[in-house]
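Below, chain A is the first sequence line, B the second, and so on; all start at residue 1. Small disclaimer: the values here were computed from a predicted structure and weren't measured.
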There are 2 protein chains.
Amino acid sequence: MDPQSQPARSEYEGACASRGDGDGRAVREVLDRIGDKWSLLVIVTLVDGLLRFTELQRHIPGISQRMLTLTLRQLERDGLVARTVHAEVPPRVEYELTEVGRTLIEPSMALAGWAIENYPRISEARERFDANAPARPPSP
Amino acid sequence: MDPQSQPARSEYEGACASRGDGDGRAVREVLDRIGDKWSLLVIVTLVDGLLRFTELQRHIPGISQRMLTLTLRQLERDGLVARTVHAEVPPRVEYELTEVGRTLIEPSMALAGWAIENYPRISEARERFDANAPARPPSP
DNA sequence: CCGAATCCACCCGGATACTG
DNA sequence: CAGTATCCGGGTGGATTCGG
């Protein structure tokens with residue numbers, strides 16, 4: 001019976017399938033944010049207090065002004081980072097994590113911790129994999 | 001003393017800066033993997049057991065065969081997913097999480113949980129933000 | 001059933017230069 | 001100091017087709 005009824009396993013269960021509704025979308029959208037090249041780095045850099053634009057840039061080695069600006073805008077838009085403009089000259093703009101932004105730190109750190117802890121194994125696995133299937137035989 | 005010594009705040013502290021060495025790279029590479037469009041979804045879908053290719057595809061709504069194949073290859077390469085080919089006809093290939101792969105579940109779930117829990121707030125923040133700065137003045 | 005190959009659109013992100 | 005504007009290459013991922 002129940003010919004094609006989805007078994008016990010729903011779309012993605014556990015944390016993902018509260019009601020099987022638009023949860024995948026939520027995960028996707030959050031991942032699109034913190035999964036991009038700089039967002040997580042910015043968040044982590046803001047962990048212990050506010051910083052101005054240039055300070056932020058100095059603390060994140062490879063980032064360009066453009067990318068820092070864009071990243072900050074997105075984070076601000078999502079309500080994770082607060083932007084404060086001081087009406088002075090020269091201008092001074094400070095960024096800090098919001099309440100919500102701070103709650104993201106814990107899971108992010110957990111993931112970062114996992115990454116650092118398991119990177120050796122992953123790297124090793126890659127080498128093994130590439131050693132067995134390097135056969136990109138364009139050669140005649 | 002310590003004229004321009006970086007204060008308490010290192011590059012990215014806490015989990016990220018074990019020794020300030022190549023840890024950022026580890027985080028970046030892992031993020032490049034699970035931060036892509038499908039990897040995390042695949043991992044989470046494999047949480048409670050092995051699945052064959054087609055089942056996997058059915059459980060992840062929008063994914064194409066191409067993307068599923070590529071994602072699985074990467075995960076296999078990184079040693080997070082194991083691939084078992086049964087020499088039968090028609091062919092049967094099963095995928096499951098490895099030991100290491102399973103350790104990724106916890107932090108991933110934490111992040112996914114955060115996403116689902118905070119998505120309403122984020123979504124709301126976006127609307128507010130877009131309401132105040134929709135002024136994309138393309139004025140000629 | 002599983003997957004590789006090809007073609008192609010899109011957008012992310014880097015470099016650079018210019019404003020207030 | 002804190003951005004914005006423009007150009008442009010490369011990677012990501014979708015649609016489709018072919019092969020074992």
To the nearest angstrom, how far is Y95(A) atom OH from dA2(D) atom P?
8 Å
Between R28(B) and K37(A) (side chain of the first, backbone of the second, donor and acceptor by atom type, cut-off under 3.5 Å), is there such a pair?
yes
Short side-chain N/O contact to dG3(D) OP1/OP2 from R92(A), under 4.0 Å:
no
Rounded to the Å, how far apart are L68(B) CG and dT12(D) P?
17 Å
Just call it for R52(A): base, sugar-phosphate, or nothing, with non-hydrogen atoms closer than 4.0 Å on any strand.
sugar-phosphate
According to side chain to side chain contact (heavy atoms under 4.5 Å, CB included), who are the partners of R83(B), at least two apart in sequence or on a separate chain?
R73(B), E76(B), V85(B), V93(B), Y95(B)
Side chain of S64(A) - closest among dG14(C), dC1(C), dG14(D)
dG14(C)
With a sphere of 6.0 Å drawn around CD of E99(A), does it hold more than 12 non-hydrogen atoms of other residues, nucleotides or ligands?
no
Are any non-hydrogen side-chain atoms of V44(A) and I105(A) less than 4.5 angstrom apart?
no
Round to a whole Å and report the spacing from CE of M67(A) to C1' of dC12(C).
7 Å
From dG3(C), dG13(D), dC1(C), nucleotide with atom closest to D36(B) side chain
dG13(D)
Between P on dA5(D) and CZ on R73(A), what's the gap in Å once rounded to a whole number?
11 Å
Using atom CG of L70(A) as one end and atom P of dC12(C) as the other, report the distance to the nearest whole Å.
9 Å
Rounded to the nearest angstrom, tell me the gap between atom CD in Q65(A) and atom C1' in dA17(C).
10 Å
Per atom distances to the W38(B) side chain, the nearest of dG13(D), dG14(C), dG3(C) is dG13(D)
Among dG13(D), dA2(D), dG3(D), the nucleotide that comes nearest once only the side chain of P91(A) is considered
dA2(D)
Atom CG of L56(A) and atom P of dC1(D): how far apart are they, to the nearest Å?
14 Å
Regarding the side chain of T69(A), the nearest nucleotide among dT4(D), dC1(C), dG3(C) is dT4(D)
Under the 3.5 angstrom rule, does the side chain of T98(A) hit a backbone N or O of L80(A) as a donor-acceptor pair?
yes
Would you kindly give the CZ-to-C1' distance between R66(B) and dT12(D), to the nearest whole Å?
8 Å
